[in-house]
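Contents: one structure, followed by commentary.
Note that the structure is predicted; figures quoted are calculated from it, not measured. Labels below follow one simple rule: chain letters A, B, ... track the order of the sequence lines, proteins then strands, and each chain is numbered from 1.
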Protein chains: 2
Amino acid sequence: MIAPHGGTLIQRRLVGKEREKWLEKASQFPRISVSEVTAADLVCIATGIFSPLTGFLTEKDYYAVRDDMRLADGTVWSLPITLPVPFEQEEAIRKSSYVILQDSQENILAVVQVESVYQVDLVDEAKRVFGTDDAKHPGVNRLFNQSSLYLGGEIWLLNEPDLGLFRQYYFEPAETREQFAQRGWKRIVGFQTRNPVHRAHEYIQKAALETVDGLFLHPLIGATKADDIPADVRLRSYEVILREYYPKNRTFLGVFPAAMRYAGPREAIFHAIARKNYGCTHFIVGRDHAGVGNYYGTYDAQKIFDRFTAEEIGITPLFFEHSFYCKRCAGMATYKTCPHTKEHHVILSGTKVRQMLYAGEMPPPEFSRPEVVRVLIDGLRRKDTVLK
Amino acid sequence: MIAPHGGTLIQRRLVGKEREKWLEKASQFPRISVSEVTAADLVCIATGIFSPLTGFLTEKDYYAVRDDMRLADGTVWSLPITLPVPFEQEEAIRKSSYVILQDSQENILAVVQVESVYQVDLVDEAKRVFGTDDAKHPGVNRLFNQSSLYLGGEIWLLNEPDLGLFRQYYFEPAETREQFAQRGWKRIVGFQTRNPVHRAHEYIQKAALETVDGLFLHPLIGATKADDIPADVRLRSYEVILREYYPKNRTFLGVFPAAMRYAGPREAIFHAIARKNYGCTHFIVGRDHAGVGNYYGTYDAQKIFDRFTAEEIGITPLFFEHSFYCKRCAGMATYKTCPHTKEHHVILSGTKVRQMLYAGEMPPPEFSRPEVVRVLIDGLRRKDTVLK
């Protein structure tokens with residue numbers, strides 16, 4: 001079994017008496033309401049998805065991550081996992097040893113030890129982490145709408161936030177590791193997605209699966225852009241494609257509770273490391289992984305892995321090209337494996353496919369499995385009805 | 001660039017004055033005529049294909065390889081590369097410091113230093129190396145037809161044997177390493193074959209290629225079984241499939257001069273290590289790799305890699321399942337990636353395909369590219385005409 005990042009699978013969830021003790025004395029500490037993204041981060045830290053993090057970054061770790069993609073101790077870590085807190089509460093926080101985090105309904109979620117309170121330059125963070133300070137970038141936009149005062153320190157999760165987690169497919173790293181071991185899988189490839197699985201993705205997943213023991217299909221269900229297909233509809237589409245086109249004993253479907261950052265290259269490293277914590281040995285990195293708009297070069301999310309040694313990352317990235325159906329090859333391929341020109345290829349843009357789905361039209365079977373398309377059209381129609 | 005096995009790319013070819021010196025004094029030493037297999041081994045040792053071997057196994061290395069798949073110094077080495085010599089010449093050999101090796105036309109090929117002369121138990125060797133002493137096994141049969149007196153010692157190649165090497169595609173390890181570097185390939189997958197490339201092989205090669213930078217198609221052209229398709233016909237079939245179905249900038253065709261041993265699992269290790277010497281970082285190991293008849297279990301050639309650490313082997317083996325066209329998937333797949341039952345699969349036995357080709361019939365396009373089939377039918381027809 002592959003070692004978690006940093007060597008130990010972190011567990012920061014309190015139960016039983018320890019938990020009750022904290023809940024009893026919670027009223028002694030300042031309380032801060034956190035966003036949906038922070039609630040998801042709390043779960044990710046508490047369950048070891050973000051191992052070796054045991055809390056939100058302290059000032060020293062923040063600058064090391066922001067500037068060098070490493071924690072202060074040198075461990076590779078590419079995204080600042082931070083806790084923005086209101087300036088109005090700065091004094092109270094600084095005076096306290098602990099702070100209680102609550103959701104928007106004032107339910108207690110977690111306790112944070114006050115180790116480090118520091119103000120940051122959000123524009124600088126945006127430029128370094130996202131490569132842009134353009135507020136139209138969804139990750140930058142979210143950053144600019146939060147406080148620039150950060151609280152760093154270890155956390156203990158006291159109550160589970162309601163992340164709409166699709167319980168059936170919610171497995172924590174300790175559980176997926178157990179599941180993989182039960183199946184006798186030694187080499188597991190993880191696939192991150194926030195989209196339905198069209199044939200292009202199926203091809204890439206299966207090409208990777210051919211060389212390992214099992215596929216961990218791991219869709220992100222945390223906060224995404226408004227125009228991404230809703231997670232529940234996507235999940236039904238994953239169920240149907242797995243049932244119809246994948247051997248049961250070679251695939252495992254789980255949900256990834258983290259929010260999308262759209263940080264491209266840095267998020268590719270982050271996604272790979274999180275999947276290592278889940279027990280994956282390999283991770284698929286496609287073109288423009290975790291990208292948005294034209295903020296990143298097509299291969300930036302692959303090239304960034306060269307900046308670290310294989311040992312530092314630990315999980316093996318598998319880099320894929322854009323894939324398509326080629327009529328001349330009579331099969332799926334990429335520009336790495338198909339020598340034929342564009343007129344032989346069935347390629348549809350994401351925008352075009354979305355238009356077709358919303359209009360109830362079937363993309364060609366070379367592009368999407370009909371069973372998947374029917375689920376998507378049906379799911380999007382229901383959403384539409386609900387909204388009206 | 002991946003390090004050669006044992007760390008150094010061996011070079012045991014003499015040229016210029018050094019070579020002339022040996023040719024002049026050749027008449028002082030006993031002369032032994034060697035088989036086609038030994039002539040191929042000489043080239044493989046001299047050009048570093050068999051690095052770290054610098055000659056034929058001495059007694060100490062022979063027993064270490066036979067019993068533990070390692071050289072006496074612990075380096076993994078799975079097949080005994082030995083020089084059988086006639087008992088009639090034993091006394092002369094033992095008295096001499098060197099022996100001259102010649103081909104069947106008495107052309108001088110190489111000089112061997114007499115380090116170790118030893119008699120072996122061929123039945124024991126057969127059982128341990130081939131897992132059987134059945135003389136119907138082609139490797140065992142060849143073994144039993146040779147002397148059980150072995151000469152071990154370092155060699156120097158003085159003249160190139162005529163191996164019918166298809167010069168255009170003959171690249172030595174130093175040359176392929178240079179070629180891969182020129183193309184900027186860091187990760188290269190090697191594919192060993194003694195068969196034409198049907199769609200099943202194409203699929204496996206391309207699935208592997210999707211995760212690396214380049215494919216080294218490396219057909220064995222040394223001695224094979226009589227019923228294998230002749231190397232020159234196969235080479236024409238490789239040319240046509242590469243031209244029609246593979247991107248030029250992602251493939252490299254070379255020939256592998258070694259003889260087939262049909263030693264299954266042990267030969268899979270041997271084939272992988274030889275390809276590491278050529279500069280490959282990955283090596284495809286299919287079902288029953290280098291097998292023949294029913295002597296080996298389907299996955300034995302894959303499982304054997306578990307007996308060594310990744311560092312000891314150095315090159316990464318990629319294990320593949322049997323592949324086929326699936327009508328329900330509408331594409332190529334294996335049992336790892338396709339959940340459908342046999343009636344959806346286009347599967348033809350090797351025997352059936354051979355019969356069709358000899359009869360001039362086209363296997364279905366889901367089985368073989370028509371361009372490849374035409375070359376094979378045409379090539380086999382010519383051979384037939386020549387033989388008649």
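- Ranked by non-hydrogen atom pairs under 4.5 Å with chain B, the options A/A208, A/P339, A/P365 are led by A/P339.
- Of the two parts of A/H340, only the side chain, counted from C-beta on, holds a non-hydrogen atom closer than 4.5 Å to a non-hydrogen atom of chain B.
- Put simply, of A/C326, A/S323, A/C329, the one with the most heavy-atom pairs under 4.5 Å next to chain B is A/C329.
- Interface residue A/Y246: only backbone heavy atoms are found under 4.5 Å from chain B.
- Contact annotation for A/L318: only side-chain heavy atoms (C-beta onward) come within less than 4.5 Å of a heavy atom of chain B.
- Contact annotation for B/R369: only side-chain heavy atoms (C-beta onward) come within less than 4.5 Å of a heavy atom of chain A.
- Here the side chains of A/T211 and B/F320 are in contact, with some heavy-atom distance below 4.5 Å.
- Looking at A/E244, both its backbone and its side chain come within 4.5 Å of chain B, counting heavy atoms on both sides.
- Across A/E210, A/R328, A/R243, A/R250, the residue that shares the most heavy-atom pairs under 4.5 angstrom with chain B is A/E210.
- Taking CD of B/E202 as the reference point, atom OG1 of A/T337 lies at 9.0 Å (rounded to 0.5 Å).
- Residue contact with chain B, scored on non-hydrogen atoms closer than 4.5 Å, involves the side chain of A/R187 exclusively.
- Counting heavy-atom pairs closer than 4.5 Å to chain B, the top residue among A/Y245, A/Y325, A/F319 is A/Y245.
- Taking a 6.0 Å sphere around CZ of B/R183, one finds it holds more than 12 heavy atoms contributed by other residues, nucleotides or ligands.
- With respect to A/E321 and B/K206, no salt bridge is recorded, no charged nitrogen being found less than 4.0 Å from a carboxylate O.
- Atom-to-atom distance recorded for B/T251:OG1 and A/K336:NZ is 13.0 Å, nearest 0.5 angstrom.
- Using a 4.5 Å cut-off between heavy atoms, A/Y335 contacts chain B through its backbone alone, with no side-chain atom that close.
- Within the 4.5 angstrom heavy-atom criterion, only side-chain atoms of B/K186, from C-beta onward, approach chain A.
- Residue with the most contacts toward chain A among B/E366, B/K248, B/R199: B/R199 (heavy-atom pairs, distance under 4.5 Å).
- Proximity to chain B is limited to the backbone of A/C338, based on heavy atoms less than 4.5 angstrom apart.
- Looking only at heavy-atom pairs under 4.5 Å with chain A, the residue among B/A207, B/A333, B/P317, B/G214 that has the most is B/A207.
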